[in-house]
Amino acid sequence: MPSRAEPWPRRLLRWYDRNARHLPWRENPTPYRVWISEMMLQQTKVETVVPYFRRFVRTFPSVRMLAAANLAAVLKQWEGLGYYSRARNLHMAAGIICKEHGARLPRTYDELLKLPGIGPYCAAAIASIAFGERVPVVDGNVLRVFSRLWMINEDVKKTRTRQALFSRLQPYVPGRRAGDFNQAMMELGARVCTPRNPQCGRCPLRTTCAAHAANRIAAYPVRSPTTRLPHRHVDVGVVRRNGRILITQRPVNRMLGGLWVLPGGPRANGERGSTSVARCIREKTGLDVRPGPIVATVQHTYSHFSITMTAFECTDPTGCLPRKHKNSAKWVWPRALDSYPMPTATRRAISRWLEDNDGTTRKHTVPKSSANRRKS
DNA sequence: AACGCGGGGTT
DNA sequence: AACCCAGCGTT
């Protein structure tokens, strides 16, 4: 049995010895094969890469063969893998390696880093796996694993966070098995410490994991709060009839359920606002309205998306509410609007419209669009 | 520091 | 429909 005092790098390696998948580039890890595999593995899943790797190294078995090939032939082998600049850089680097390094890959992290297509991740992977250099790889998996293990509260997307993790990890990279250590971290991230629903019960580092101990696994890794919220256009109508206006009730069990809103809905892709508002009102109330001028524009951000609400003044040529909509649509005197529960965006649109109607001859202005708000 | 690059799987 | 993936080069 492993003692609890066994350091985590050893536990990780023992786990790797028992659980490593056998992958083609692990069977015969020559520098060339490691290089090809790592180029293909950038932002690409292992299972996707395997067949491409086999075909590629069969077609171009050496750096010289790769350098001698036409770029078109290389791209053909890459077809379907995506990120085609990887193939172009690979081909270019092959030429440089032949011309300047005697057709052998550079053996150090620093030298590898100079080749086109090889960044910090790839340089560390090749240097450690093919040449045993003690440099840690910091990829998406490793960031996630250690963000949890050490409860790192920095945004994992930031360059600073990655550099800091590189420095912090380097002392742990074992002199004997640097490459296995790195592959073990990635393998753990890919198969156990997954983005969602991590398999903590099967994790060899569970007893060392700060986030697990704190029961805060789901809070890590900390992501940028600047993720762009999806944005929608919502078009609504101020439909007037004999001095009263039309409001509708949101379905219970939905967002804003039970609240009353100006009738309308989300604009379809490429649709005009005026078209959208008429369509949505017809769908929700059965009334055919004629959209007039825009009387209010409201920006609003919910927890998981943001909207631009555009309110059109509408006239109602047909009149009567069909029976099926009687319960969820109402004609209301403007002064009675306050008594109905309404979401903020609706409330703002209405008050904007009322202001413009009170003879305070303020021109309607469109607020500045906010494309990316921050999540709170 | 932010963005474009690609195709595919997961939730 | 987002998010994520064994990231890198450009701006």
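Numbered from 1 within each chain, the chains take letters A, B, ... in sequence-line order.
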What is the nucleic acid contact for [X], judged by heavy atoms within less than 4.0 Å: base, sugar-phosphate only, or nothing?
X        : result
A:Arg26  : base
A:Gly189 : nothing
A:Asn182 : nothing

Does anything in [range] reach DNA chain C, meaning a heavy atom under 4.0 Å, and if so which residues?
range                       : value
residues 33-44 of chain A   : A:Glu38, A:Leu41, A:Gln42, A:Gln43
residues 108-118 of chain A : A:Leu115, A:Pro116, A:Gly117, A:Ile118
residues 160-173 of chain A : none

Write down the distance between [atom1] ([X]) and [atom2] ([N]), rounded to a whole number of angstrom.
X        : N     : atom1 : atom2 : result
A:Asp155 : B:dA1 : CG    : P     : 11 Å
A:Glu79  : B:dG8 : CD    : P     : 11 Å
A:Arg191 : C:dA6 : CZ    : P     : 12 Å
A:Arg88  : B:dG6 : CZ    : P     : 7 Å
A:Leu81  : C:dC5 : CG    : C1'   : 13 Å
A:Arg86  : C:dG7 : CZ    : C1'   : 9 Å
A:Leu75  : B:dG6 : CG    : P     : 10 Å
A:Asp139 : C:dA6 : CG    : P     : 7 Å

- Query: How do A:Arg196 and A:Gly82 order along DNA chain B: which one's closest nucleotide is nearer the 5' end?
  - Reply: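 Its nearest nucleotide being more 5', the pick is A:Gly82.
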- Task: On DNA chain B, check which nucleotide each of A:Lys158 and A:Thr48 is closest to and give me the residue with the more 5' one.
- Result: A:Lys158
- Query: What residues form a side-chain hydrogen bond (donor to acceptor under 3.5 Å, both in side chains) with A:Thr44, not counting sequence neighbours?
  - Reply: A:Arg86
Filter on salt bridge (Lys or Arg N to Asp or Glu O under 4.0 Å), then keep only pairs touching [range], sequence neighbours left out; what's left?
range                       : answer
residues 114-131 of chain A : A:Glu111-A:Lys114
residues 93-110 of chain A  : none
residues 329-351 of chain A : A:Asp338-A:Arg347
residues 49-66 of chain A   : none

- side chain to side chain contact (heavy atoms under 4.5 Å, CB included) involving A:Arg279 - partner list, sequence neighbours excluded: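 Here the qualifying residues are A:Ala268, A:Glu271, A:Ser276, A:Arg282, A:Glu283.
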Could you tabulate the donor-acceptor pairs under 3.5 Å formed by side-chain atoms of residues 162-171 of chain A, not counting sequence neighbours?
from     : atom 1 : to       : atom 2 : distance (Å)
A:Arg162 : NE     : A:Val156 : O      : 3.4
A:Ser167 : OG     : A:Gln163 : O      : 3.2
A:Gln170 : NE2    : A:Arg134 : O      : 2.9

- Please check the phosphate of C:dC5 (OP1 and OP2 only) for any side-chain N or O of A:Arg144 closer than 4.0 Å.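 Yes, such a contact exists.
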- Is the count of non-hydrogen atoms from other residues, nucleotides or ligands lying under 6.0 Å from A:Asn215 atom CG greater than 12?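 12 or below, so no.
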- Message: Donor-acceptor check, side chain of A:Trp78 to backbone of A:Gly82, threshold 3.5 angstrom: yes or no?
- Response: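 Such a contact is found between A:Trp78 side chain and A:Gly82 backbone.
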- Item | Short N-O contact, A:Asp17 and A:Arg177, less than 4.0 angstrom | yes
- Message: Regarding A:Glu187 and A:Arg21, does a basic nitrogen lie under 4.0 Å from an acidic carboxylate oxygen?
- Response: yes
- Given DNA chain C, 5'-ward residue of the pair A:Asn89 and A:Pro195, judged by closest heavy atom: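 Whichever sits nearer the 5' end wins; that is A:Pro195.
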- Query: Looking only at atom P, what distance separates B:dC5 and C:dA6, rounded to whole Å?
  - Reply: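 These two P atoms come out 22 Å apart once rounded.
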- Please state the P separation for the pair C:dT11 and B:dG6 - nearest whole angstrom.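 Taking atom P in both C:dT11 and B:dG6, they lie 15 Å apart.
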- Taking B:dT11, B:dG6, C:dA6 as options, the one with an atom nearest any side-chain atom of A:Gln183 is C:dA6
- Message: So, using ring pair (Phe, Tyr, Trp, His ring centres under 6.0 Å) as the criterion, who are the partners of A:Trp35 when residues are at least two apart?
- Response: none
Pairs under 3.5 angstrom only: tabulate donor-acceptor contacts from the side chains of residues 194-204 of chain A to other protein residues two or more places apart or in another chain.
from     : atom 1 : to       : atom 2 : distance (Å)
A:Thr194 : OG1    : A:Arg196 : O      : 3.0
A:Thr194 : OG1    : A:Asn197 : O      : 3.4
A:Gln199 : NE2    : A:Asn197 : O      : 2.9

